[in-house]
Each structure stands twice: as C-alpha cells, then as structure tokens.
Number of protein chains: 2
Amino acid sequence: MTNAEPMRPTLSEVAREAGVGRSSAARVLGNYGSVSEHTRSRVLLAAKRLGYETDELARSMSRGVTMTIGVVLADIANPFFAAVSRGIADEARRAGYGVLLVNSDENVELEDEAVRLLVGKRVDGIIVAPAGGADASAEALRWAADRGTPVVQVDRTLNDFEADAVVMDNRDAGRAAAERLIAAGHRRIALAWGPARPSRRRVTPEALLRWARTSELSSVGERFLGYADALEAAGIPLDPGLVMTGEQTSAGVRDFMRSLLATEPPTAVIATELDAVVAVLAEVRESGLRLPEDLSLVGFDDSPWADVYTPPLTMLRQPAQLLGQRAAERLVVRMTGDRGVRTLDHLPVELNCSGGEGSVAPPREDA
Amino acid sequence: MTNAEPMRPTLSEVAREAGVGRSSAARVLGNYGSVSEHTRSRVLLAAKRLGYETDELARSMSRGVTMTIGVVLADIANPFFAAVSRGIADEARRAGYGVLLVNSDENVELEDEAVRLLVGKRVDGIIVAPAGGADASAEALRWAADRGTPVVQVDRTLNDFEADAVVMDNRDAGRAAAERLIAAGHRRIALAWGPARPSRRRVTPEALLRWARTSELSSVGERFLGYADALEAAGIPLDPGLVMTGEQTSAGVRDFMRSLLATEPPTAVIATELDAVVAVLAEVRESGLRLPEDLSLVGFDDSPWADVYTPPLTMLRQPAQLLGQRAAERLVVRMTGDRGVRTLDHLPVELNCSGGEGSVAPPREDA
DNA sequence: CTGAAAGCGCTTACAG
DNA sequence: CTGAAAGCGCTTACAG
C-alpha cells in the first residue's frame, strides 16, 4: 500500500533544485518579467524533473483573481438550462475561465445561498437566471454586485437591478406563436402556461392584462403579452379562461387542458415551455383528439424529438446555447474592467416549421 | 458613478473593530477553539457591522482543502449527462462541496486539459466519465490519482486504473433489450449503435465477439455483449451485418438504417443511445414504415417524450441522476480519507414499458 | 537580470 | 480564554 502521498512540489523547491532564487523561478514559471535564457532553461528543467504544476489557488490568492465564474441556474437537468450552461462553459473556457455551477430550483433562498457561496469562493463574476420573478428581493445578488462582483442575468431580469442581461425576445416569440395560429384561422387559442398569477379566480381581460403589464417580467409573462398583442391586432377578444395562470407544472397543464377540453375546447393551444408541450401531448392522447386535425399546437423550446413526432411539431426554437455564450461574453468584458452602462441583449426566437406543415392546421369547420 | 469599490473587510479589520486579537476573531468566525461569551458577541457584532463574510479562498489556502469537486463529462447539454450532473450537484451540496464543471466532448486531450485545470485549482476530488474508450491513456487522470486526488469514474471505466467507478449494468441492459424482442418473436434484430470498431469491413461473428470481449469496455460495447448473450441463449446466430460498428453519430445511424432497410431489413432494432433512437425514428418516418407493425424498437435513455410518442416507446430507463449521486457519495467518502479497496458499483437499468405495449410488436408474418 | 522581503487573508500550534 | 507569530504557495515591488 502506498500511503506515502507524493506531495506536489512548490515553487521554492523548484528554485532550490534549479539553484536560483524564488523570484527567478516564479518569473519563468509565471511567464512574466525578464530572465536570462540560462536560468530559464535551468528552472524549466528542474520543474520538469520535479513534475511541478503551478498551484492556481495560491496564484489566485496573490493575484486577487480566481479565473473562475459562478453560474446559478434553476436546474441543470432541464434541457434549456443545460444548453445555456454549455454555451457559458464554452465561452468561459475560450477566455480562460473555469465554471462553478449551482442549481437554484427557482428557489430564492437557494439562489441567495448559492450566490454567497460563489462570492465566498471569490469567483470573478456571476451569471444568474434569477428565480422568484422580477420583483424578487435577491439580496445576495444585489449585495454581490454592490461589492464589485460583475453579474450578468440570463433569461430573466430583476426589477431595479442595474446588471447586464441577455434574454430571449419572449414577447415577440409569444406574438409569433399566436400569429401563426391566427393566420391558420384560429380564434380560440389557449395558452399553457401563462404568467403565474397568485389568484386562480377568473378576472376580466383588462385586469389580467393590467396585472401582467405591471407586475411581471418573467419569460412566460412576456410570452403572454405577445400573445395578447397578436390577439388584439387581429381583433380577437382576450378570453382569460383560455389562459392558464395557475401552478406552472406538468400536472397543472394537464388539469387545465382536461377541464378546458371538457367544457369549452379551444381549436389551438400554445405551450410556452417544454414541459408544457409534453403535458399537452399527453392530455391530447388521453382525450383521443387528433393532432393537428382536432387541435393545433405551437410549442416552445425545440427538441430533436419535435421533428420525429407525428405530426412534426411546430416549435419556437430558443437559441439557448447562444444565450449562454452571449452572457459569458458580456461577463468577460465586465470582468476585464468595463464600467460602461448597462446592457440588455435580446435574442430572436424562431419558428422551426414554416409553411403549412407541422402541428398547425386550420380549425375544424364545426368548431 | 460609484467607482469606490467597497472592499470586503478582512478578519484583521473585524478584530480591530471588535478590539480583540486576530486569533480570537478567527476562532469565533471559524467556529473552533474556545472563546468567552463576551469576546464572541463583540466579534459577531463587529462582523455584522462591517458586513464581514469569510474569504473561502484564503481559508482553502491555509486549511489545504477547497471544498470543491471537479466534474469532467462529455457534454452537459446531453440529457443523460445533464441528469448525472444534477445528481452530483445535489449530493455535493448536501456534503458542503461546490462543483466545478468541464465538458470534454469525448476528446481525450480536452479531458486531460480539464483534469489539469481542476488539479491546478486544487479540487478535493474528481468525478469523470472517461473519454476515448477503456484503453485510453488518460495520463492526467492517472497522474491526479497518483498525486493523491481521489477520482471516481462514472458511466465508463478505464482499464488498469485503480479508481472507484459507478456504472450502469450495461451488459444486463443490452441483454434485457434483446430478450424483450426475442420474446416477441424477433430473430433479425439490428443494433444501432454497437461498439466503435475501427474497421468497417464485415467480419465473422467470432471475430466481432472476440474483439468486443477483449478490447472494449465502453457502455455501448457492454450493451452489445448483452445483446450477443441474449441471441446466443436463444440460439440465434449473431449477424455482424446487423450491428452498427461505424461512426457513432446520428448521421451514421441514418446511413446504417437506410442501407439495412433497403437490402436486408431487420424486424426489430435496438437503439443504444438517445441520439440513436431519434435517428432511427427519423429514418423510419422517411422510409414510410409503421412502428411497431413493420419494425419494433427498443431504445435507451428514457425521456418524457417517449411516453407521448405514437406508439409509446419501449425504453430502457437509465437512472442517470442516481448514477451521479452515487458517484458523489463515493467521492465524499474518499475525500474524507477512506483508503479502502476499489469499489465498482453497478446500477440496474429498467424497461419502462412492460407487457405487450409500447413499440414492440410481433414480427410480420411475411418477414 | 536577480534575489530577499513583504503581502494576499485565513488557520494553527505555542506560549502566556 | 487570548494574542503574537509563523505558515499555506504564490506574486510583486524594491534594491542590487
């Protein structure tokens, strides 16, 4: 049993082995300052001989920079966030940064804890998809930003928070989804899910809109506003009964769809999240309806499955990986010292199935 | 413009503010040693007043422990690895560790670089899904392990590498997939994809088996062996023409399926990866075949989509998140000082659609 | 070009 | 219980 742990050699040991001073060894191993070719080669040789690798932790300590960025997302297992992380990781690596990742599960407390952890580990910057809606306190995030740690928001934005953000153009996407269906002749278009409104009581269209416009800036909230825009432009009255504002879960979608289909069936539905798409499909199957003859569907968050589904699904493709990349690029600029004004970057969302294909068909005559 | 960056207060400043020595402040802020109630409260008060947060970087430096684990996976955007990461992250947090994540893209060089980066940042341990097959050199990994950094392998194992591993019971899974199809009456069962054999020339069944048994321990390799086991047990000769051994990509699967369907169509197919499942479905659609009447399918890597597909797909469900959790648990034990013998943990893979349902039907009479 | 010394912000024996 | 001092492994002015 080898319980003699081979300690990693330090800079001093390399210096001694090479027969030079510590500073000289430091200069060649750290690639700075100037050294004679002679000492350089001696040091390099000694380093090789000892298997020296510089201790980045110590370097971070003295340089005051860790070359690490912190990332706080709802759930890395969610395909959307997984793609975002990938975009971040690639861009970070390109710029020489490592990535420390934490899941927040859309929980404000966990997010706060995560941010403190990251600041404690002295990350050079933070990318976050803020949980808890636009009005969340997000104390730790604001504290971190005040303390001088650059923060970039992705996919969501917090009110009264002066940090850069990179988001999808969700309102435009919601509008595009509804327009696609309206163009096919639909007027009863359900939205699963819409903004998470606390009360489940039915409200007037005006109240729903007013509430959405003022209190909420989440992505699904924005998508709802785009949907409302499209209806209004087409002269179709907004029916709050067609908008799911309750619990944003798969089970919630299934309940919503089931009761809707049983009472006042829509001719089309927009599913604003991947989970919602799958839940709608499950309920469609359960109810025996045919897609798209009996019900048209436009979904969000493209997936390879959408193309091989029968029928192929009409989906809005979010450039999730690009979103992550952009956020990382922005953060790198900030970490490099840019103090310019706040930036808000909107990425376009595209329909993947153009033409008359996909899961959109005209409404049935008898509908 | 506030360009006066609020520097974070240090332990010394808190001590001065509290009017005590540094060591005393350290003891209360670090929760160790003993201090009088009086000084404790003074220090706590001063810390609060100054907004002190301990610098984990400095703490790591002096304690020699970073409370961070490094994770090297092929691609975080892949649903399987995304789930694995989630399992790791949850377990790591539970034990108080942060997670530094790097993608290797199945590239041995990138993996090596990632491992060196992680060791440089002095992570306390590493979890890795080794790239490049069982015989890969994986120098950095071996070097890290020799140096005393605990390493746990997930999903794959390297030959001649004395590190713990947590893997799926892939051979058993491959066997289960084939048995399911054989039980339904199939004898011509294609495998997309099988082990990545360099040469694309056809070989004898014996040569293929011999090669797979000796040189390869990747997960798809194991799945192929299980498939072969099931065929042998059923007295069905192994036909190398039905086993895809070429390029393991979606395009490769489509080529393989297309030429197979055009020349000597199988009655069933096993798709050993999620990408392969989607590619098979795409080719099935293209060719106008019906699932499962014309072709039965058993896939790997369950997804919520499988349940809402028509027909619902018979899939082998890999407990990916559990895999990550187990690996992290194992690593925590090692990081805590356990020097016990190597551990190899096998997780069972389960069929999600039992009974006669799903995408498996008896072969057609005329086949 | 080169080396001794101080410093990054903690922790940890070691005396008092 | 408490404080001065040394140390973690680098980097960084500062003389020589």
Side-chain angles (χ1 to χ4, degrees), chain A residues 5-44 46-47 50-68 117 119-124 147-148, chain B residues 5-44 46-47 50-68 117 119-124 147-148:
Chain A
E5 207 120 292
M7 281 313 293
R8 71 192 299 170
T10 74
L11 185 61
S12 307
E13 298 176 300
V14 174
R16 190 183 327 129
E17 172 84 5
V20 303
R22 277 208 324 226
S23 330
S24 291
R27 276 185 275 261
V28 3
L29 265 8
N31 303 308
Y32 59 89
S34 39
V35 269
S36 68
E37 262 317 310
H38 179 246
T39 55
R40 147 163 280 110
S41 55
R42 286 188 64 86
V43 171
L44 253 19
L50 267 43
Y52 174 81
E53 289 277 329
T54 126
D55 184 328
E56 297 295 338
L57 190 65
R59 173 172 285 176
S60 296
M61 186 81 214
S62 45
R63 290 232 250 245
V65 158
T66 55
M67 294 309 282
T68 304
L117 169 81
V119 171
K121 286 188 186 292
R122 296 198 28 190
V123 296
D124 297 331
R147 250 214 55 248
Chain B
E5 208 121 290
M7 283 312 295
R8 67 192 303 170
T10 74
L11 186 61
S12 307
E13 298 176 299
V14 173
R16 189 181 329 125
E17 172 86 5
V20 302
R22 280 207 323 227
S23 329
S24 292
R27 276 186 275 261
V28 4
L29 266 7
N31 303 308
Y32 60 90
S34 41
V35 269
S36 68
E37 261 318 307
H38 180 245
T39 55
R40 148 163 279 111
S41 56
R42 287 188 65 85
V43 170
L44 254 18
L50 266 42
Y52 174 82
E53 289 278 330
T54 126
D55 183 329
E56 297 294 339
L57 190 64
R59 174 172 286 177
S60 296
M61 188 80 216
S62 45
R63 291 232 250 245
V65 157
T66 55
M67 294 309 281
T68 304
L117 168 81
V119 171
K121 286 188 185 292
R122 295 193 32 187
V123 297
D124 296 331
R147 250 212 56 247

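Residues B:R122 and A:D55 form a side-chain contact, since some pair of their non-hydrogen atoms from C-beta on lies under 4.5 Å apart. Contact annotation: the side chain of B:L44 approaches that of B:V28 to within less than 4.5 Å [non-hydrogen atoms, C-beta and beyond]. The side-chain heavy atoms of B:T68 and B:K121, taken from C-beta on, include no pair separated by under 4.5 Å. Side-chain contact check for A:R8 versus B:V119: some heavy-atom pair is nearer than 4.5 Å.
Within the 4.0 angstrom heavy-atom criterion, only backbone atoms of the sugar-phosphate kind lie near A:T39; the bases stay farther away.
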Determine, for nucleotides 9-16 of chain D in 5'-to-3' order, which nucleotides have protein heavy atoms under 4.0 Å from the base (write B), from only the sugar-phosphate (write S), or from neither (write -). BBBB----
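Checked by atom type and distance alone, the side chain of B:R22 never pairs as donor or acceptor with a backbone atom of B:S12 at under 3.5 Å.
Annotation: the span from B:L29 atom CG to B:R59 atom CZ amounts to 8.0 Å, rounded to 0.5 Å. Interatomic distance, CZ of A:R40 versus CG of A:N31, reported as 7.0 Å (0.5 Å rounding). In this structure, OG in A:S62 is found 8.0 Å from CE in B:M61, a value given to the nearest 0.5 Å.
Where pairing requires Watson-Crick or G-U contacts shorter than 3.5 Å, the helical stems of DNA chain C with at least three consecutive pairs are C:1-3 with D:14-16, C:5-12 with D:5-12, C:14-16 with D:1-3.
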